[in-house]
Engineer: 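Okay, here's the structure, questions in a sec.
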Amino acid sequence: MKRQPIGIFDSGVGGLTVAHAIKQILPGESLIYFGDTAHLPYGDKSAEAIKYYSHKITEFLLEHDSKVILIACNSASASAFDSLKKEFNDKTIIIDVIDPVVEYIGTRDFKKIGVIGTKRTISSGTYESKLKEISPSTAVVSLATPLLVPMIEEGFIFDDISNAIIRAYLSDQSLSGIQALILGCTHYPIIKNQISKIFNFNVEVVDSAKIVAGILRDVLEKKDLLNDSGKVTDMFFVSDYTTYFEKIAKMFFEGDINLKKADIWN
Ligand code: DGL
């Protein structure tokens, strides 16, 4: 069991930000990653569709012996976490990306914070309701920023186009006076620096990658599931091959990666 990989999924490259953070603190772990590029972006899909994709992907990752499943996508965490737990709880451990961030905010004393994410994540109200429970005195402003995922997946980062789009979203009046901004989408850490710059680096920009990687380490330690064999193999699957996925994965994982297309929908 200890040698089995950590299963991770997202709609595309976003979950790689979480996978990368896991590698930083758990270099001895093997990863199996699934990017559902055929259905990207999840943020525009219905909760039902995302649930269906998430269940299929979880089955695939379990067939590949994942010892734990990490939903490295906020849209899927908001739509499918509860139903995945219901279906797979007796087979594996399931971790999402929203609860760990909410818990982190609960340890801080912010007066006003912002959350940005996909239309699916923001309209679900998941962050707002969970934050209200853990931190009732913190005012929470949510904003859907749907152009950011297609922009990132098309490779528009660190350029004038992306700066203009990010600025247009983040200059929304509702965000004025925030002390922290939650990146409620795992794609957004790729443009974290551009986002911080809009706020002149005066706002704490919170992304889930490091926080979730820390939670995963605690869970594996507690369950005595850390891989101590010294053998590590990472595998990457996509449902539709894109050169951009490969490029970003190579950037995060420095060098050649074991990338395959998996058709799990038939
Ligand atoms: N990275 C995802 C998230 O955290 C998915 C974005 C999308 O596919 O729209 O929500």
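The figures that follow rest on heavy atoms only: side chains count, while hydrogens, waters and symmetry mates do not.
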Engineer: Under 4.0 Å between a Lys/Arg side-chain N and an Asp/Glu carboxylate O for Glu128 and Lys132?
Structural biologist: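 Not counted as a salt bridge, because no side-chain N and carboxylate O are separated by less than 4.0 Å.
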Engineer: Could Asp234 and Lys23 be called an ion pair, given the rule that one side-chain N must be under 4.0 Å from one carboxylate O?
Structural biologist: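 Salt bridge present between Asp234 and Lys23.
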Engineer: To the nearest 0.5 angstrom, please state how far the CG atom of Asp207 sits from the CD1 atom of Ile191.
Structural biologist: 11.5 Å
Engineer: Taking atom NZ as the centre, does Lys210 end up with more than 12 heavy-atom neighbours from other residues, nucleotides or ligands that are less than 6.0 angstrom away?
Structural biologist: no
Engineer: Give me the ring orientation class for Tyr33 and Phe236: parallel if the planes are under 30° apart, tilted from 30 to 60°, perpendicular past 60°.
Structural biologist: tilted
Engineer: Could you check whether the rings of Phe252 and His20 sit parallel, tilted or perpendicular, using 30° and 60° as the cut-offs?
Structural biologist: tilted
Engineer: Under a plain distance cut-off of 3.5 Å, with no hydrogens placed, do Tyr188 and Thr145 share a side-chain donor-acceptor pair?
Structural biologist: yes
Engineer: How about Asn89: does its CG atom have over 12 heavy atoms from other parts shown lying under 6.0 Å from it?
Structural biologist: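 Atom CG in Asn89 is packed in, count exceeds 12.
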Engineer: Crowded around Lys197 NZ? As in, over 12 foreign heavy atoms under 6.0 Å?
Structural biologist: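 No, the 6.0 Å shell around NZ holds no more than 12 heavy atoms from other groups.
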Engineer: Check whether any side-chain heavy atom of Leu226 sits under 4.5 Å from a side-chain heavy atom of Leu26, and report yes or no.
Structural biologist: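 Of all side-chain heavy-atom pairs linking Leu26 with Leu226, at least one is under 4.5 Å.
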Engineer: Compute both the distance and the angle, then confirm whether Lys85 meets the cation-pi test with Phe81: under 6.0 Å from the six-membered ring centre, within 45 degrees of the axis.
Structural biologist: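 Yes - Lys85 lies over the ring of Phe81, closer than 6.0 Å to its centre and within 45° of its axis.
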Engineer: Hey, are the side chains of Ile22 and Leu70 touching, using non-hydrogen atoms and a 4.5 Å cut-off?
Structural biologist: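 Touching, per the 4.5 Å side-chain cut-off.
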Engineer: Could you tell me which non-hydrogen atom of Lys250 sits nearest to which non-hydrogen atom of Ile257, and how far apart they are?
Structural biologist: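 Taking every non-hydrogen atom into account, CG-CG1, 4.3 Å.
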Engineer: Looking at Asp65, is its backbone amide N or carbonyl O close enough to the side chain of Gln4 to form a donor-acceptor pair, meaning the two atoms are under 3.5 Å apart?
Structural biologist: yes
Engineer: CD1/Ile165 to CG/Leu147 distance, rounded to the nearest 0.5 angstrom?
Structural biologist: 5.5 Å
Engineer: Hey, does Ser83 have a side-chain heavy atom less than 4.5 Å from the side chain of Tyr52?
Structural biologist: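 When only atoms from C-beta onward are counted, Ser83 and Tyr52 do not touch, as no gap falls below 4.5 Å.
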Engineer: Do other residues, nucleotides or ligands put more than 12 heavy atoms under 6.0 Å from the NZ atom of Lys119?
Structural biologist: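 For Lys119, atom NZ is not crowded (no more than 12 foreign heavy atoms under 6.0 Å).
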Engineer: Please answer whether the main-chain N or O of Val97 pairs with a side-chain N or O of Ser77 as donor and acceptor at a distance below 3.5 Å.
Structural biologist: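 Side chain of Ser77 to backbone of Val97: a pair is present.
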Engineer: Whether the side chain of Ser11 engages the backbone of Asp36 through a donor-acceptor N/O pair (distance < 3.5 Å, no angle test) should be reported.
Structural biologist: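 Looks like no, no N/O pair under 3.5 Å.
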Engineer: Give a yes or no on whether Asp263 atom CG has more than 12 heavy-atom contacts from other residues, nucleotides or ligands under 6.0 Å away.
Structural biologist: yes
Engineer: Are the side chain of Gln179 and the backbone N or O of Ile113 linked by a donor-acceptor pair below 3.5 Å?
Structural biologist: no
Engineer: Can you tell me if Asn200 uses its side chain to pair, donor with acceptor, with the backbone of Asn202 under 3.5 Å?
Structural biologist: no
Engineer: Within the side chain of Ser129, is there an N or O that forms a donor-acceptor pair under 3.5 Å with the backbone of Gly125?
Structural biologist: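 The answer is yes, because a donor-acceptor pair under 3.5 Å joins these two groups.
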Engineer: With a sphere of 6.0 Å drawn around NZ of Lys223, does it hold more than 12 non-hydrogen atoms of other residues, nucleotides or ligands?
Structural biologist: no
Engineer: Quick check against the 3.5 Å criterion: does Lys130 have a side-chain atom that pairs as donor or acceptor with the backbone of Glu103?
Structural biologist: no
Engineer: Is any NZ, NE, NH1 or NH2 atom of the basic residue among Glu87 and Lys51 found under 4.0 Å from an Asp or Glu carboxylate oxygen of the other?
Structural biologist: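 Salt bridge flag = no for Lys51 with Glu87.
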Engineer: Hey, what do you get for CZ (Arg120) to OG (Ser79), rounding to the nearest 0.5 Å?
Structural biologist: 5.0 Å
